Amino acid sequence: MLTLKLPDGSVRQVAEGTRPRDVAASIGKRLAQAAVAAKVNDKIVDLDSELPAGNGETSFQILTDKDKEALAVLRHSCAHIMARAVLRLFPGAQLAFGPALENGFYYDIDAPTPIREDDFPRIEEEMRKIVAESEPFERFERSVDEARELVRDLGQGYKVEHIDDDLKQYPSLSFYRQGEFIDLCRGPHIPHAGKVGAIKLLSIAGAYWKNDSSRRQLQRLYGTAFFSQKDLDAYLHQIEEAKKRDHRLLGKQLKLFTISQAVGSGLILWMPKGATVRGILEGFIKDELLKRGYQPVYTPHIGRLELYRTSGHFPYYRDAQFPPMYFRPAAGALDLAQWRLSAGHLAPEKERALKDFMDQAHFKVPGYEQAKNDEDRLEAVHRQVIKLLATMGIDLPDYHKATTAAERAKALLGWLEQQEGFLLKPMNCPHHIQIYKAEPHSYRDLPVRLAEFGTVYRFEQTGELSGMTRVRGFTQDDAHLFITPEQTEAEVGANIDLVLFVLSSLGLNDYRVRVGLRDPKSDKYVGKPENWQKAEQTLIDLVKSRGMNYSAEEGEAAFYGPKIDFVVRDCIGREWQLGTVQLDYNLPERFDLEYIGNDNSAHRPVMIHRAPFGSMERFMGILIEHFAGAFPLWLAPEQARVMPVSERFRDYGEKVENELKANGFRVHGDYRPEKIGYKIREAQLEKIPYMLVVGDKEQSAGTVSVRDRVDGDLGAMPLVDLIQRLNEEVKERRIRQVSTASADLTDRGAQFGD
RNA sequence: GCUGCUGUAGCUCAGCUGGUAGAGCACCUCAUUGGUAAUGAGGAGGUCUCGGGUUCAAGUCCCGACAGCAGCUCCA
């Protein structure tokens, strides 16, 4: 016998091997009808699965359409239904993975003729037919060999590959059959297709097989499903509402920022209103930093290449940077050729691009076309560079003395490395490090905390650019801390607290904390494993000791050290890293940083990189969506607008305006010959916190009629009262309105995978 | 970078199966001097993203570039 503990606390005895379906039936007919799946010891299972033998109590719950977990099961089943429909309409389509998402599902499909959005209506129609037939989902199991044979017979090559790659070690694999459709799948599933109330295909996009960009790209069909049409409609409505908060839309409407193609993609132009908000945010954090022992610094936007070779950024992130600036054209050409060709895997189109470039630069390379491989091509380039240098009166004796291709390359690259060249800075740290190095340090000086709003440039891939959240030029509220190893815990802790303070000051409470750890299987990380071990443990201990919810994620560390990231979602559910605190044992090593300890000998400091906002651009983008453009009073670019009911009261209006300005508020007057309703409508749409209506009554009483953006007409009050009210609201940085709903189409938190 | 979709006035969009462009809002002018989300009338504004091609004729069809959007990959 098995003892089941039900959600209401009651206990029930059933025989081993009983199915949840039977338990539901024994509880009540309506429950049995409503049942979608069951949760047994916190594991979600099919209604038809046999309850496991167990000692002690087994927690047991029937899931119905009221439960969120049941919706995930439904959506996973819908992924199957969609695949089945696609197979009917696109015979020969190959299936990859089809999980449920937080708000829907997808299936990765490789169809012989590509699926287009125009096909959605007939796919949906086919899905509705399948739903109407209400066929059951039936589970069965096979050994690995039988399973491989089965998926091969089904013509599903990706599934064969998946079994061979990842599933071989399991004793048996499960399948689900629904009518003619059979799919390798872990489950669980809804009992039959009739449970589906509403489905909708949403979009189609490319996705790589096993998330590997070197592998085949498949088509990912996104959809969503609900138990009822009403829920689907509500969800679609919510998406529409969320999209109205998009910072790209509001940024344009409220004249906060713009992007001009004349300047370039991914380069933000802050318009006066956006710049005002940014300036206030910068002032806010500057004050906070001074309180916390930071020292301001300023550093240039470019630095010598050598600096970034030393830091490792130039070689490591080569293809994500704006091209280096060399004084000698030959150096630029050699550099480009070297980089492209020595990467070793030059795709034909990239090689063509390289050739085009050299052609445009009138950089003809004899022998290049005839060369058989990259080494020969590189050598041909080197020969040409030597000739070019000779014409400029530059001679490289080492090159001519060299007897092998490798020696010649070395001589030339040696020359290249000596060439004066500059890089738009992709990071502020090397500059701050030079400030640290400008004077000797005693352990008594540490921590040294150098802060700068440092603008950096990174050449992000075109497909990544997005409004203010992913850009090619951005300003970090950056600082670098140089500390003794013993200070690590205290300083990282203080920075976590600073980030938390900043986020809470803005009412940004909907974030998650990610502790980025190295991926032990990867070789991209530098530094000693024992340093990593220690650093990772320190970070985890710190977030734990603060009782923060966090997820430790392997492979999310920076190449030089582990980090803590604060991640928020935008209005369509995409995640963005804002604040970050990163530990670094690498750069102090590379730049040979020192401090003198109390033993009078030199020691290596540890560095902390941190940016509570992340970047001003991304933070602003997220903030626009967070407030739906309605900034709280302390941040609002225009805090109040004076509007006389007619031109006759312009003088009094100006008096009010000037009085408020004298008290430090950002105020404008709307003295156009428009009706008051029109002025209010406009100010309301511009999300101005306070509208100050003045007319005859106000003028004679020395008051203003206050209309609040949130609460509407507050009636008349003396000007001094208004000033006091505004002062308080600003001083407390009061937040009265935020928007949190996000329409999430993209969550990666798959709960069930095939 | 990859896959797909999109690109018409400052903004939001219309423009049927090819026959040299249209609306609303915004803007400008004039009248109106008003009481809490749109006063009325008039006017100006476009190399239909750019470059090729097909055609007697291209905003419309084809090819390419660029840019934007969604997703994937990347993200110091």
Side-chain angles (χ1 to χ4, degrees), chain A residues 106 108 114-118 202-222 243 246 248-249 252-253 255 258-261 264-266 308 311-314 316-317 319-321 347 349-350 425-430 456 458-467 470 476 478 516 524 556-561 563 565 572 574 576-577 580 582 584 586-587 609 611 643-650 672-686 691-698 705-709 712-716 745-746 748:
Chain A
Y106 69 77
D108 286 345
I115 301 166
R116 295 155 41 85
E117 288 200 18
D118 297 348
L202 296 172
S203 65
I204 193 161
Y208 299 103
W209 168 232
K210 300 212 168 184
N211 291 337
D212 180 348
S213 59
S214 68
R215 299 208 208 206
R216 180 124 191 214
Q217 192 161 34
L218 314 169
Q219 290 189 290
R220 177 167 295 177
L221 268 66
Y222 284 92
K243 280 183 181 167
D246 192 316
R248 291 164 296 192
L249 201 69
K252 195 180 272 180
Q253 278 169 11
K255 298 189 169 77
T258 187
I259 297 169
S260 158
Q261 288 322 308
S265 298
Y308 287 98
S311 73
H313 293 109
F314 178 58
Y316 194 93
Y317 290 106
D319 54 359
Q321 283 163 2
E349 62 271 23
K350 284 196 177 162
K425 69 176 169 185
M427 287 277 273
N428 299 305
C429 32
V456 297
R458 299 175 184 175
F459 196 79
E460 304 288 0
Q461 304 184 99
T462 50
E464 298 304 339
L465 297 175
S466 180
R470 191 80 184 263
Q476 297 172 314
D478 210 358
K524 81 170 201 179
E556 288 295 326
F559 75 93
Y560 50 69
K563 55 179 184 161
D565 292 329
I572 53 175
R574 286 181 296 206
W576 303 99
Q577 171 199 315
T580 182
Q582 314 184 347
D584 183 0
N586 174 48
L587 285 180
H609 309 235
M643 36 188 84
V645 293
S646 98
E647 278 181 303
R648 291 194 289 122
F649 308 106
R650 178 173 185 140
R672 295 172 302 171
E674 296 290 349
K675 292 171 112 168
I676 193 66
Y678 182 83
K679 293 180 186 179
I680 284 172
R681 176 183 152 81
E682 227 166 57
Q684 195 78 45
L685 290 174
E686 287 178 53
M691 287 151 274
L692 309 175
V693 178
V694 293
D696 201 14
K697 282 178 291 184
E698 291 78 8
S705 281
V706 180
R707 186 186 163 94
D708 180 274
R709 176 179 66 192
D713 193 355
L714 302 180
L745 300 175
T746 61
R748 294 188 200 165

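Computed from a predicted structure; not experimentally measured. Chain A is the first sequence line, chain B the second, and so forth, proteins listed ahead of strands; every chain is numbered from 1. We use all heavy atoms of the structure for the numbers below, so side chains are in, but hydrogens, waters and symmetry mates are not.
- Listed by chain and number, the residues in a side chain to side chain donor-acceptor pair (under 3.5 Å) with Y316(A) amount to none (sequence neighbours excluded).
- Put simply, CG on D584(A) and NZ on K563(A) are 12.5 Å apart, with the number rounded to the nearest 0.5 Å.
- Side-chain contact between V456(A) and P426(A): absent, with no pair of heavy atoms (C-beta onward) separated by less than 4.5 Å.
- For Q217(A), the side-chain atoms get nearest to G71(B) when compared with the rest of G71(B), G34(B), C74(B).
- Atom-to-atom distance recorded for E647(A):CD and E674(A):CD is 10.0 Å, nearest 0.5 angstrom.
- Considering only side-chain N and O atoms, R458(A) lies nowhere under 4.0 angstrom from the phosphate OP1 or OP2 of A76(B).
- Under 4.0 angstrom from either OP1 or OP2 of G71(B) there lies at least one side-chain N or O belonging to R574(A).
- The listed nucleotides are G71(B), A67(B), U36(B); the one nearest the side chain of Q261(A) is A67(B).
- Stem analysis of RNA chain B (Watson-Crick or G-U pairs, both distances under 3.5 Å, runs of at least three) returns B:1-7 with B:66-72, B:10-13 with B:22-25, B:27-31 with B:39-43, B:49-53 with B:61-65.
- Side-chain N/O atoms of E460(A) and base N/O atoms of C75(B) include no donor-acceptor pair closer than 3.5 Å.
- No more than 12 heavy-atom neighbours from other residues, nucleotides or ligands sit within 6.0 angstrom of CZ on R216(A).
- Here the side chain of K675(A) is nearest to one of A76(B), C74(B), U39(B), namely U39(B).
- Across all strands, L685(A) comes closer than 4.0 Å to base atoms (heavy-atom distances).
- The side chain of I204(A) has G4(B) as its nearest neighbour among A70(B), G4(B), U36(B).
- Contact annotation: T462(A) side-chain N/O to G1(B) OP1/OP2 distance is under 4.0 Å.
- Across all strands, I680(A) comes closer than 4.0 Å to base atoms (heavy-atom distances).
- Among the protein residues, E698(A) comes within range of the nucleic acid bases, having at least one heavy atom under 4.0 Å from a base atom.
- If you find the closest nucleotide of RNA chain B to S705(A) and to H609(A), the one lying nearer the 5' end belongs to S705(A).
- Nearest to the side-chain atoms of A558(A) among the listed nucleotides U36(B), A76(B), G68(B) stands A76(B).
- If you take CE on M427(A) and OH on Y308(A), they are separated by 8.5 Å, rounding to the nearest 0.5 Å.
- In this structure the side chain of Q321(A) never reaches within 4.5 angstrom of the side chain of R458(A), judged on heavy atoms.
- Side-chain nitrogen and oxygen atoms of K255(A) include none within less than 4.0 Å of the OP1 or OP2 phosphate oxygen of A26(B).
- In this structure, the separation between CG on D108(A) and CG on N211(A) is 8.0 Å, given to the nearest 0.5 Å.
- Counting non-hydrogen atoms under 4.0 angstrom, K679(A) reaches nothing in the nucleic acid.
- Rounded to an integer number of Å, the gap from CD of E117(A) to P of C69(B) is 16 Å.
- For A205(A), the side-chain atoms get nearest to G71(B) when compared with the rest of A76(B), A38(B), G71(B).
- Here the separation of A44(B) from U39(B), taken at their P atoms, is 24 Å to the nearest Å.
- Here R707(A) lies in heavy-atom contact (under 4.0 Å) with a base.
- The side chain of A320(A) lies closest to A76(B) when the candidates are A76(B), C72(B), U36(B).
- Using atom C1' as the reference point in both C28(B) and G35(B), the two lie 28 Å apart (nearest Å).
- The side chain of Y678(A) places no N or O atom within less than 4.0 Å of a non-bridging phosphate oxygen (OP1 or OP2) of U33(B).
- Using a 4.5 Å heavy-atom cutoff, the side chains of R707(A) and Q684(A) are in contact.
- R248(A) has a side-chain polar atom (N or O) that falls below the 4.0 Å cut-off from OP1 or OP2 of C69(B).
- Side-chain N/O atoms of R470(A) and base N/O atoms of C74(B) include a donor-acceptor pair closer than 3.5 Å.
- With centroids closer than 5.5 Å and planes inclined by less than 30 degrees as the test, Y317(A) and the base of A76(B) pass as a stacked pair.
- The side chain of S203(A) approaches A70(B) more closely than any other nucleotide in the set A70(B), A76(B), A37(B).
- Side-chain N/O atoms of Y208(A) and base N/O atoms of G1(B) include a donor-acceptor pair closer than 3.5 Å.
- Heavy atoms of S646(A) sit under 4.0 angstrom from at least one base atom.
- The residue Q321(A) sits close to a base: some heavy atom pair falls under 4.0 Å.
- Contact check, S311(A) against A76(B): no side-chain N or O comes under 4.0 Å of OP1 or OP2.
- Closest to the side chain of S265(A), from the set G68(B), U33(B), G71(B), is G68(B).
- Comparing L249(A) and V645(A) against RNA chain B, the residue whose closest nucleotide sits nearer the 5' end is L249(A).
- Heavy atoms of D212(A) sit nowhere under 4.0 angstrom from any nucleic acid atom.
- A donor N or O paired with an acceptor N or O is not found under 3.5 Å between the base of U3(B) and the side-chain atoms of Q219(A).
- Counting any heavy atom pair closer than 4.0 Å across all strands shown, G463(A) reaches a base atom.
- Counting all heavy atoms, side chain and backbone alike, S466(A) lies closest to R574(A) at OG-NH2, 3.7 Å.
- Y560(A) comes within contact range of the sugar-phosphate backbone alone, with a heavy-atom separation under 4.0 Å but no base atom that close.
- For the pair R648(A) and G34(B), the criterion of a side-chain N or O lying under 4.0 Å from OP1 or OP2 is met.
- Set against G68(B), A76(B), G71(B), the side chain of L465(A) has G68(B) as its closest nucleotide.
- Between D246(A) and R248(A) there is a salt bridge, since at least one side-chain N of the basic residue sits less than 4.0 Å from a carboxylate O of the acidic one.
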